[in-house]
Amino acid sequence: MDCLASDHLFEHLNPQQRFAAQHGEDPLLIVAGAGTGKTATLVHRVAWQIAQGIDPGRILLLTFTRRAAAEMIRRAERVIERTFGRPGSTHARPPITRLWAGTFHAIATRLLRRYGKAIGLAPDFGIHDRSDSEDLMHLVRTELHLAKTDKRFPQKGTCMAIYSRCVNARQPLPDALATHFPWCMDWTEELARLFDAYVDRKEQMGVLDYDDLLIYWHALLTAEGAGDLVRQQFDRVLVDEYQDTNLLQAEILYALSPEGRGLTVVGDDAQAIYSFRAATVRNILDFPKHYPNASVVTLEENYRSRQPILDATNAVIAQAAERYAKNLWSKRSGGSRPVLVTCEEEEDQSDFVIRTILAHREAGIALRRQAVLFRASHHSILLEAELARRGIPFHKYGGLKFVETAHVKDLMAFLRLAENPRDVVSGNRILALLPGIGPQTTARLMGRLAEAGDFSVWTDWKPPAAATEIWPKFVKLLSDLHRTQAELTTQVHQVRLFYQPLLEDRYDNPHPRARDLEQLEALASRYADRATMLAEITLDPPASTQDLAGPPTLDDDYLVLSTIHSAKGLEWDAVYVIHASDGNIPSDMATGTREEVEEELRLFYVALTRARDWLYVSFPLRYYHYRGGDRFSLAQRTRFLSKAVLKHFACRTVLAERTAERPALGDEVHPHVTSPSIRNRTKRYWS
DNA sequence: GTCACAGAAATTTTT
DNA sequence: TTTCTGTGAC
């Protein structure tokens, strides 16, 4: 490529970024602090590799979410267009669409559909998401009569979590139990039996769960013959968010490129927040040990946050135990210190956040450039209600997704059973919808169906009295769907017609649910066929209900609410971190070990480093427990805001503001009256 | 066998 | 609040 274009390509990068982008074939670790232009560097590296003559179809780019992959491709396209599209450039623009970009799971799916046969995997395998896997675990658990014991057996979700840890951390069951689930150690033998049966059932059904996608990919790479085939497919492998990969993923990378030739990983050990998914910081910390000829580049110039915010976040992360030393600095000086807001009640917190958001909007910061972040999905319930009441539009990311609601899962289960009659999980789900058909009948019916593989075995079955009318219609619907060539939207429509009366019968509020299903029908038109839709929705579920309406237009402004986990990699002008009290951050669920608390600290750090210009951290002094009646407890500021860290914050209380501003805002909005005794009791937290 | 109900228990973050 | 298990009526 000519040097003119090369200069142009890199003129926006700083020396470290440029070094990383232009590094050769040897393994490279880019330690990129928050906001240091990690994506830009990775994108330029891809562009540079293409400019060097590497075929985009031979570059593998692994990201943490599909959203990140799409963003990466979009930006790489722009950089390449700038480079190759210049007058004077003699090169044809290489087709970036051939780039292999996606999550580990999405790429695994693609490779396994293509090469799976080599390891005995049929290419039309189905994919189970987390909740499908839990349902199957539950089914197998019932079959093994593990519930029938005097002591309570672990719940399906716990069983799944244990199984998943063994697989992803490549850890024997007793070890996994001892380190992460000590309260389940009495069940070691039963759990082993359960997992055995679970694995067999998946095989019979022809489905893979999330973990299987990684296991089979790894198996493919280590298989004689097939492994070389996959390895030869890629000249370059780039991995984003490397700090959140697990041991199995690290071994996949190792199997892809044992010497690390062509391997680039990018990450920030200070932002490792997925150990509950068996991710391990060791992958990034030990990268130079695993690949002895690796180079390490550290990016420290922050382009995101103003210096006062950086000072605060640097102080927060300085409390972490082991990490690559980084000291982020910014040329974006000026700006105000982050604010710690102590609120009396949760209502005060919502009120403060909304008032501040609106004030910023008045000053020209659109809603979409502001975000409210929280540890757990339910932390935003009250705020959501208040936003809705005041007519402020918002999108919520994380937490319960559209496709996880019962009615959507019901409808999808029809499609899935039609696609794969051996899918016991889907079969169980929809048979249970029919009147007069319970667990016993379901088990027998699914047994017969799995044997025959065709719905005709159900035609001559005599249903119980309650189901005589619906049964023939039900069987006809599924046989038709099983064989159909009809448009996907038509199929969804047929299911919807059949399901509507069941839905009305089953739920108190059927109307919004019915509307969701109409949306699902519209969504179906985006996919080529049924199998594609089922797989894609499992691997990449719509992040928020509002996403279904299609890409938002420019003038359509909304506030972002997100769990901290879902906010990873993103940034906003103004960020509000709510419920920053001990018990929420760190979560009560995660204070068992030192490592867990460390991870919560990093999580808090991730939240704070999303902010560009304004950062507000708040917590209510009174925290209501939603479970177990009306009890509440007095909350304390998160332990991560130690005295030393607080020096970088301006501290305010909503109490003080309240007396001054309350009349103007109107007490009728929040007629809540707090007793003086609480008021006095709480004062010690800030006086 | 199904179904509705009661009481107890767990309780986060996501590909 | 949801999830799980046991009980008793049909």
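Lettering of chains follows the sequences in order, A, B, ..., and the numbering in each one begins at 1. These numbers come from a predicted model, not from an experiment.
- Closest contact between the side chain of A:Arg277 and the listed nucleotides C:dT5, B:dT2, B:dT14 involves B:dT14.
- Close to B:dT13, at under 4.0 Å from its OP1 or OP2, lies no side-chain N or O of A:Ser566.
- A:Ser164 and A:Asp211 share a side-chain donor-acceptor pair at under 3.5 Å.
- No more than 12 heavy atoms of other residues, nucleotides or ligands lie within 6.0 Å of CD in A:Glu469, so this atom counts as exposed by the packing criterion.
- Between A:Ile437 and A:Asp211, it is A:Ile437 whose nearest contact on DNA chain B lies nearer the 5' terminus.
- For the pair A:Ile537 CD1 and B:dT14 P, the computed distance is 18 Å after rounding to whole Å.
- As judged by a 4.0 angstrom heavy-atom cut-off over every strand, A:Phe64 is placed among residues touching the sugar-phosphate backbone only.
- Remark: C1' of B:dT13 and OH of A:Tyr274 are 7 Å apart, rounded to the nearest angstrom.
- Rounded to an integer number of Å, the gap from A:Asp135 CG to C:dT2 C1' is 14 Å.
- Close to B:dT14, at under 4.0 Å from its OP1 or OP2, lies a side-chain N or O of A:Thr563.
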Problem set entry | salt bridge (Lys or Arg N to Asp or Glu O under 4.0 Å) between A:Arg637 and A:Asp582, intermediate numbers included | CA-CA 6 Å; A:Arg637 185 181 75 225; A:Asp582 241 64; over 6 Å; no
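- For A:Arg130, taking side-chain heavy atoms from C-beta onward, the closest of the listed nucleotides B:dT12, C:dC4, B:dT14 is B:dT14.
- A donor-acceptor contact under 3.5 angstrom links the side chains of A:Asn584 and A:Ser581, judged on distance only.
- Taking every side-chain heavy atom of A:Pro439 into account, B:dT2 is the closest of B:dT2, B:dT12, B:dT15.
- Contacts of A:Leu213 with the nucleic acid, taken as non-hydrogen atoms under 4.0 Å apart, are absent.
- Listed nucleotides: B:dT12, B:dT15, C:dC4. Nearest to the side chain of A:Arg375: B:dT12.
- Stacking between A:Phe276 and B:dT14 is absent: the ring centroid is not both under 5.5 Å from the six-membered base ring centre and under 30° in plane angle.
- Aromatic pair A:Tyr274/A:His565: ring centres closer than 6.0 Å.
- For A:Arg141, a side-chain nitrogen or oxygen approaches OP1 or OP2 of C:dT5 to under 4.0 Å.
- If you measure from atom NE2 of A:His565 to atom C1' of B:dT13, you get 4 Å, rounded to the nearest angstrom.
- With rounding to whole Å, A:Tyr210 atom OH is found 7 Å from B:dT15 atom P.
- Contact check, A:Thr441 against B:dT2: a side-chain N or O comes under 4.0 Å of OP1 or OP2.
- Atom pair A:Gln243:CD and B:dT13:P shows a separation of 20 Å (rounding to whole Å applied).
- Nearest to the side chain of A:Arg152, among B:dT15, C:dC4, B:dT13, sits C:dC4.
- Along DNA chain B, the nucleotide nearest to A:Leu539 and the one nearest to A:Thr442 differ in position, and the one closer to the 5' end is contacted by A:Thr442.
- Atoms CG (A:Asp240) and C1' (B:dT15) sit 14 Å apart, rounded to a whole Å.
- Residue A:His379 comes nearest to A:Ile578 through the heavy atom pair O-CD1, 3.9 Å, listed as atom of the first residue, atom of the second, then distance.
- The CD atom of A:Gln155 sits 13 Å away from the C1' atom of C:dT1 (whole-angstrom rounding).
- Across all strands shown, A:Pro464 has no heavy atoms under 4.0 Å from either base or sugar-phosphate atoms.
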